[in-house]
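The structure appears right after this line, and notes come after that.
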Amino acid sequence: MEKMEVRRRTIKEPQIHRNEKDSEAAKATDALPLPMYLTNTVFFALFFSVVYYLLLRWREKIRNSTPLHVVTLSEIAAIVTFVASFIYLLGFFGIGFVQSLLIPRASHEDILDEEDFDLRVLKDDSRSAPCGVTDHCKISEPEFSPSTPAEDEEIIKSVMEGKTPSYSLESKLGDCRRAAAIRREALQRITGKSLAGLPLEGFDYDAILGQCCEMPVGYVQIPVGIAGPLLLDGREFSVPMATTEGCLVASTNRGCKAIHASGGATSVLLRDGMTRAPIVRFGTAKRAAELKFFLEDTHNFEALSLVFNKSSRFARLQSIKCAIAGKNLYIRFSCSTGDAMGMNMVSKGVQNIMDFLAADFPDMDVIGISGNYCSDKKPAAVNWIEGRGKSVVCEAIIKEEIVKKVLKTDVDSLVELNMLKNLTGSAMAGALGGFNAHASNIVSAIYIATGQDPAQNVESSHCITMMEAVNDGRDLHISVTMPSIEVGTVGGGTQLGSQSACLNLLGVKGASKEAPGSNSRLLATIVAGSVLAGELSLMSAIAAGQLVKSHMKYNRSSKDVSKM
């Protein structure tokens, strides 16, 4: 019995000691067999002794022209002693610091600001970088343990009180979905407004971190319809369109049907070049003109191209166009960008040239990397005339019987309506690139569905629609000319699940390995072909007097809203 009692005590005592030590931080000297002051003395002496010895030996080798990599056994022992003593001395910073050097990993302490956030609310502060920062977080790191309501409640209160910035939740928690849920709840309590109709679940918040959207609280549902098949350049495409406007997909689909029945449409890519235009200032207009002449001199283009093209494997400088306003110079660079839309790519190339020019023009003051002479996301004549992104013309000949049977109108009515509405009417309104019926409708719907930048609909919708009677007036020739279609199949929102699926449907997902840039160029022609179908159908509906009737049918709810 006494022996059993002794065993019980020996089992319990270590357990008590472990519980007491759990609350203490581990120290580098815990496992040392000698008193700390003696150990410190030994390692300090070793460290400085071997450093002094190695310096003497290497100095002697340099004098005797002996290669430094040829080492003796004593030098090898000195190097090993140096490394061991160096690691020990680093132990004064804490055992965790030494381990982080030996086994590299990104801890939460690298990201968290302890003054702004109480680390006790975190589930695990030893994980590596938060989701979305590295490619390894989903593979090599263990999953988070489920958070408790009490933990989340404490963080919500911290956000509401301003102690924890809302924008920092992803980096602090390392869980993007949880961060969105906490931010959402804090927002509802602060504003007193419910977000019950805004979905939260069913979205990959990791995918948008650091590139698509900041401080998410949910996502908006936009229905995606399919128009087509669009027969373009001998290929059929089912065109995804994300929209909340009734009749738009149905109308575009009718245009696709008319084009298909008439043998299809053809397209031509006229130009492919993204632009960026910095603004620089000099002391005098004469000095600004000197830089203009230098940049537009063909003899300097090759050197400038080499500097510009270093920014990317796909960036290739195409042209430089300058405009002067007093002593201010606007420089419009244009370059190809592969399958990316290319704004970031061209901006990096422009920055390279600005740095290069600083040597010969030290008095040049770079006011901004963009001076609106580009021009991005604004209606501008320079895009209408010079083009930006992809410049495409698309045409089709619609047979007389198709005009009557499918479009419910006649060729002469369409030609007259196009002249008086799209051409004359737009001119009377002082339109800039808006010589069309509703090109922006189709462009916006395809852009949202395929992950493009919706704001670039402004210049991408520049379009002139032309209609002409051909074949002795029996058939209709229709064309759309669009000089500024800005699209990409990589980067931005194209990598999100839904948008990636729509690109895959069109056969243009990702970058083309065989012919870089071909996917984005094909997408631009599909946009133009879809606009052609949309223009044809809407103009026919107006000519036939069906516009109001069709919108009342497809764009109006039959529900009695007074009873909802």
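We're numbering straight along the sequence, starting at 1.
Checking side-chain atoms of Glu459 against main-chain N and O of Lys377 turns up a donor-acceptor pair under 3.5 Å.
With contacts defined as side-chain heavy-atom distances shorter than 4.5 Å, the pair Phe314/Thr337 does not qualify. Residues Met343 and Met274 meet the side-chain proximity criterion, which asks for heavy atoms closer than 4.5 Å. No side-chain heavy atom of Tyr447 sits under 4.5 Å from any side-chain heavy atom of Asp453. Side-chain atoms of Gln495 and Gln211, non-hydrogen and from C-beta on, do get closer than 4.5 Å to each other.
A perpendicular orientation is assigned to the rings of His462 and Trp384, their planes being inclined by more than 60° (bins at 30° and 60°). The aromatic rings of Phe47 and Phe82 sit parallel to each other, their planes meeting at less than 30°, with 60° as the upper class boundary.
Here the straight-line distance linking atom NZ of Lys163 with atom CD1 of Ile155 works out to 13.5 Å at 0.5 Å rounding. Rounded to the nearest 0.5 Å, atoms CD1 (Ile485) and OG (Ser391) are 8.0 Å apart. In this structure, the separation between CE on Met482 and OG on Ser461 is 6.0 Å, given to the nearest 0.5 Å. The distance from the OG atom of Ser444 to the CG atom of Asn457 is 3.0 Å, given to the nearest 0.5 Å. Within the model, atoms OG of Ser498 and CZ of Phe203 stand 7.5 Å from one another, a figure rounded to the nearest 0.5 Å. Going from atom NZ of Lys310 over to atom OG of Ser305 covers 12.0 Å, rounded to the nearest 0.5 Å.
Annotation for Gly534 and Ser251: closest pair O-OG, 4.5 Å, computed over non-hydrogen atoms. For the residue pair Cys212 and Gly492, the shortest heavy atom distance occurs at SG-O, 3.5 Å. For the pair Ala242 and Ile448, the tightest heavy-atom approach, listed with the atom from each and the gap, is CB-CG2, 3.7 Å. The two residues Met241 and Ala227 have their closest heavy-atom pair at SD-CB, 3.9 Å. Arg316 approaches Asn309 most closely through the heavy-atom pair CA-OD1, 3.2 Å. Shortest non-hydrogen contact noted between Val531 and Ala439 is CG1-CB, 3.8 Å.
With sequence neighbours excluded, the residues that form a side chain to side chain contact (heavy atoms under 4.5 Å, CB included) with Lys327 are Arg281.
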Side chain to side chain contact (heavy atoms under 4.5 Å, CB included) between Ser500 and Thr494, intermediate numbers included: CA-CA 5 Å; Ser500 180; Thr494 63; over 6 Å; no
Let me see the working for Leu317 and Phe333 under side chain to side chain contact (heavy atoms under 4.5 Å, CB included), right down to the final yes or no. CA-CA 7 Å; Leu317 184 63; Phe333 295 90; 4.0 Å; yes
Take Arg332 and Cys322 through the side chain to side chain contact (heavy atoms under 4.5 Å, CB included) test and state the conclusion after the steps. CA-CA 6 Å; Arg332 193 173 194 257; Cys322 299; over 6 Å; no
Apply side chain to side chain contact (heavy atoms under 4.5 Å, CB included) to the pair Thr450 and Leu506, showing each step before the final yes or no. CA-CA 10 Å; Thr450 59; Leu506 293 171; 4.2 Å; yes
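Aromatic pair Phe361/Phe294: ring centres closer than 6.0 Å.
Using a cut-off of 4.0 Å between Lys/Arg side-chain N and Asp/Glu carboxylate O, Glu185 and Arg189 are scored as salt-bridged.
If you run side-chain hydrogen bond (donor to acceptor under 3.5 Å, both in side chains) between Ser334 and each of Arg276, Arg271, Glu386, Lys321, only Arg271 comes through.
Sequence neighbours left out, the pairs with a member in residues 482-504 that pass salt bridge (charged side-chain N to carboxylate O under 4.0 Å, His left out) are Arg388-Glu486.
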Could you go through residues 348-359 and list every donor-acceptor pair under 3.5 Å that involves a side-chain atom there, pairing it with any protein atom two or more places apart or in another chain?
| unit_1 | atom_1 | unit_2 | atom_2 | d |
| --- | --- | --- | --- | --- |
| Gln351 | NE2 | Asp355 | OD1 | 3.1 |

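Side-chain atoms of Ser460 and Ser484 include no donor-acceptor pair closer than 3.5 Å.
Remark: Asn344 CG is loosely packed, at most 12 non-hydrogen atoms of other residues, nucleotides or ligands lying under 6.0 Å away.
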